[in-house]
Amino acid sequence: NAGVTQTPKFQVLKTGQSMTLQCAQDMNHEYMSWYRQDPGMGLRLIHYSVGAGITDQGEVPNGYNVSRSTTEDFPLRLLSAAPSQTSVYFCASGGENEKLFFGSGTQLSVL
Amino acid sequence: AQSVTQLGSHVSVSEGALVLLRCNYSSSVPPYLFWYVQYPNQGLQLLLKYTSAATLVKGINGFEAEFKKSETSFHLTKPSAHMSDAAEYFCAVRGGGGYQKVTFGTGTKLQVIP
């Protein structure tokens with residue numbers, strides 16, 4: 001089992017560029033989510049999904065879009081990157097009432 | 001609404017001493033509570049979880065946590081710290097069961113002094 005796979009591991013963008021962070025899980029989890037981690041602020045929820053076709057906003061959704069067309073995939077899109085989006089991004093998935101499985105993270109720098 | 005507050009962004013203990021990391025929660029429904037650990041440059045791993053079955057929860061690596069509803073607390077303890085326990089620890093809450101969203105605290109970095 002690969003678990004939760006995130007790509008890329010590192011990315012540098014210029015302000016205004018767009019990109020998609022990929023997340024895939026092979027555990028048939030209904031719940032998937034994206035967090036950003038910043039020093040002193042812990043993990044803040046960006047968006048989450050409770051199944052294919054169902055998404056909802058977390059604490060810090062502005063500037064990010066998501067979609068869930070399949071159970072396995074939950075990509076995070078930055079439409080117009082800003083320096084404030086420089087962060088480490090984690091994708092996580094989980095079963096009902098169970099723990100979250102985390103990807104290894106994407107370190108994003110926006111110049 | 002749900003949230004967790006972790007008291008102390010940095011905690012230092014001597015090797016062999018008691019580890020106590022504090023977490024208080026807020027939830028409008030009976031909560032599911034978790035402690036996760038993050039080692040440098042890695043993702044988060046589950047230490048333990050509370051899902052209303054028992055108030056004292058034992059986790060991996062000798063850690064345990066006690067759910068106290070009257071104090072809205074879920075503090076993490078370990079009787080004797082090891083050097084390998086140095087990491088960042090996160091408390092998290094899920095408001096109710098099923099597929100509710102999970103909210104994390106701001107984290108506590110544990111330093112173990114030899």
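Throughout, protein chains are lettered first and strands after them, A, B, ... in sequence-line order, and every chain is numbered starting at 1.
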Report summary line: If one checks every heavy atom of Gln6(A) against chain B at 4.5 Å, the contacting part turns out to be neither
**Report entry** Side chain / backbone / both / neither for Gln107(A) at chain B, heavy atoms under 4.5 Å
**Finding:** neither
Query raised in the report: Would the Phe101(A) and His29(A) ring centres measure less than 6.0 Å apart?
Result: yes
**Report entry** Engaged part of Glu88(B) at the chain A interface, taking heavy atoms whose separation is under 4.5 Å
**Finding:** side chain
Query - Under 4.5 Å from a heavy atom of chain B, the part of Leu45(A) involved - result: side chain
Query raised in the report: How about Ser67(A) and Arg77(A): does a side-chain donor come under 3.5 Å of a side-chain acceptor?
Result: yes
Query raised in the report: Would you say Tyr89(A) and Leu100(A) are hydrophobically clustered, going by side-chain heavy atoms of ILVMFWY under 4.5 Å?
Result: no
**Report entry** Any side-chain donor near an acceptor of the partner, Ser87(A) and Asp38(A), under 3.5 Å
**Finding:** yes
Requested in this report: Enumerate the residue pairs fulfilling salt bridge (charged side-chain N to carboxylate O under 4.0 Å, His left out) with a member in residues 59-75 of chain B, sequence neighbours excluded, ordered by first and then second residue.
Outcome: Lys58(B)-Glu64(B)
Query raised in the report: Measuring heavy-atom distances to chain A, does Gln38(B) have an atom under 4.5 Å in its side chain, in its backbone, in both, or in neither?
Result: side chain
